[in-house]
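This chain uses plain numbering: 1 for the first residue, then up along the sequence. Ligands are counted one by one from 1 in listed order, and the atoms in each one are counted from 1 as well.
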Amino acid sequence: MKYLTLLPLFLGLASIAMSSAPPARVSLCSGGCPSAAAAVGAAYFMTNEPSGNYMVSATIEPDGTLAPYEAVYTEGTGAHGVRPDAIGPLDALFSQGSIGVSAAQRFVANVNAGSNTITVFAINTTNPAQLSLIGRPISSGGEFPTSFAINKVGNRLCVVNGGKINGVSCYTFAASAGLTPLINTIRSLNLNQTTPPTGPANTPSQIIFSPDEKQLIVSVKSGYLAVWDINTDGSLSTNFQTVTGGVLPFSLLYVPQKNAIIASDPGVGYDIFNMDTNTAVSFPIPGQTLTCWSVFSKESGNFYMVDVGVSTITEVEVTNSLGSTIVKQYNLGNDGPIDTAVATINNKESSFISSFMYSLAANATGLTVLSVNGPGQAKIYQRVDISGPARAANLMLDASNLQGMATFIGK
Ligand SMILES: *[C@@H]1O[C@H](CO)[C@@H](O)[C@H](O)[C@H]1NC(C)=O
Ligand SMILES: *[C@@H]1O[C@H](CO)[C@@H](O)[C@H](O)[C@H]1NC(C)=O
Ligand SMILES: *[C@@H]1O[C@H](CO)[C@@H](O)[C@H](O)[C@H]1NC(C)=O
């Protein structure tokens with residue numbers, strides 16, 4: 001009897017001893033790495049694999065093209081939300097902002113939705129694609145963390161959790177200590193959810209600071225924004241205010257010079273929230289199915305709404321009176337684009353100035369770069385394969401788990 005009950009324990013220990021720890025980093029440029037000294041920046045996304053989450057980096061070359069560089073272990077695990085609607089397997093976290101960059105403090109942070117932690121990496125001063133862990137992953141203050149807000153000077157970070165224990169929590173950042181929890185910042189969204197959550201409806205999508213950093217705002221795919229006031233010591237108001245609008249408000253961007261937020265909305269197209277009047281107007285994108293991500297380009301002055309369902313980016317103009325029109329639509333074939341970031345390269349040596357959209361082409365297991373140099377002028381510039389380099393490096397990677405996109409420009 002004794003032997004029988006102990007046997008599974010021994011077998012368990014043996015299998016733990018036999019499975020080696022994931023490698024700390026693997027190179028994705030076995031055919032020869034691009035010149036780190038020449039790179040003007042880097043782009044980052046994550047594998048979000050339940051067996052071990054890796055941050056993947058690619059250098060941004062002086063002409064704006066990407067070159068896969070390496071994958072670094074986050075010491076956390078990824079996760080995938082539950083989708084009873086079976087719309088598709090992409091968009092594991094139902095969020096935008098699962099990777100955050102502070103250019104001011106030169107760090108990159110990512111969520112580990114499977115281990116309920118946040119990992120922070122320092123960006124190497126000579127090679128922006130080379131990341132090194134700062135400390136160990138820290139608890140996200142809830143379950144299934146999915147999105148970050150980082151303040152302008154880069155000494156404060158807030159995260160939103162979308163699981164059974166959902167809500168927000170905030171941290172201070174210091175290069176030496178990494179993240180330290182800030183007191184009185186764990187606040188619930190009171191969502192009736194499980195871990196992992198069932199979505200995309202009834203889950204949080206993105207967390208942002210207001211431009212004056214006096215409010216913390218979370219979009220919830222139940223037709224509202226949750227807004228907390230931030231006190232001078234960084235603590236949050238006990239309860240949040242609700243601004244209702246839209247169907248499934250997803251990614252959040254402030255409209256420049258306005259107290260207004262434009263949100264992508266897979267239920268309709270996009271919404272514009274007027275934060276002065278606490279009202280919202282929804283704008284349809286004809287033929288859209290899953291318009292979940294968005295970016296703004298200073299060069300064109302327009303917003304770009306990313307639809308994974310029909311592989312289309314819709315360029316949108318917001319008028320002075322907070323009206324809006326569709327400028328142009330760009331079809332990206334089989335990309336299945338999700339998280340996307342914008343970066344501008346201003347190379348004084350070569351007088352090369354250009355703005356780019358870096359898009360995680362999840363369905364194609366790759367990255368797509370588009371140049372953006374004026375309204376209605378987005379063009380596909382480069383397509384990069386990720387599955388080949390990952391296979392060559394033995395890096396576990398699955399299109400349905402991939403998530404996040406953030407860029408850092410250092411020159
Ligand atoms: C930064 O990158 C350079 C070039 O790859 C390398 O020589 C150096 O050791 C790195 N520094 C740190 C702190 O990792
Ligand atoms: C929470 O959701 C579950 C599953 O849908 C449901 O059975 C339960 O009644 C809900 N609880 C509340 C308090 O709404
Ligand atoms: C995903 O790629 C497959 C081909 O690999 C294609 O049939 C499908 O239409 C693509 N889906 C999207 C949303 O692009």
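Atoms of ligand 1 lying under 4.0 Å from any heavy atom of N124, numbered from 1 in the order shown and given with element: 1 (C), 2 (O), 3 (C), 8 (C), 10 (C), 11 (N), 12 (C), 14 (O). Atoms of ligand 3 lying under 4.0 Å from at least one heavy atom of G336, given by number and element, are 14 (O). Applying the 4.0 Å criterion to heavy atoms of G309 picks out, from ligand 3, the atoms 13 (C). Of all atoms in ligand 3, numbered sequentially from 1 with element shown, those under 4.0 Å from a heavy atom of N363 are 1 (C), 2 (O), 3 (C), 8 (C), 10 (C), 11 (N), 12 (C), 14 (O). Of all the atoms in ligand 3, the ones that sit under 4.0 Å from a non-hydrogen atom of G333 are 14 (O). Below 4.0 Å from some heavy atom of S311 lie the following atoms of ligand 3, by number and element: 12 (C), 13 (C), 14 (O).
No side-chain donor-acceptor contact under 3.5 Å links N124 and S132. Checked by atom type, the side-chain pair D229/N231 shows no donor-acceptor distance below 3.5 Å. No side-chain N or O of Y270 forms a donor-acceptor pair with one of T314 less than 3.5 Å apart. For the residue pair S169 / Y171, a side-chain donor-acceptor distance below 3.5 Å is found, with atom types taken as modelled. For T203 and K221, the side-chain atoms include at least one donor-acceptor pair closer than 3.5 Å. T279 and N274 share no side-chain donor-acceptor pair at under 3.5 Å. If you check the side chains of N110 and Y44, you find no donor sitting under 3.5 Å from an acceptor. With no hydrogens or angles considered, no side-chain donor-acceptor pair links E49 and Y54 at under 3.5 Å.
In terms of N/O distances under 3.5 Å, ligand 1 is approached by Q130.
Closest protein heavy atom to atom 7 (O) of ligand 3: N334 OD1, 4.5 Å. Of the protein's non-hydrogen atoms, the one nearest atom 3 (C) of ligand 1 is T126 OG1, 3.3 Å.
Contacts with ligand 3 closer than 4.0 Å are made by backbone heavy atoms (N, CA, C, O) of V308 only, the side chain lying farther away.
Considering only non-hydrogen atoms, atom 1 (C) of ligand 2 lies nearest to N192 out of N192, T194, N190.
Under the 4.0 angstrom criterion, atom 9 (O) of ligand 3 counts as having a protein heavy-atom contact. Protein heavy atoms all stay at least 4.0 Å away from atom 5 (O) of ligand 3.
Interatomic distance, I186 CD1 to S235 OG, rounded to the nearest 0.5 Å: 13.0 Å.
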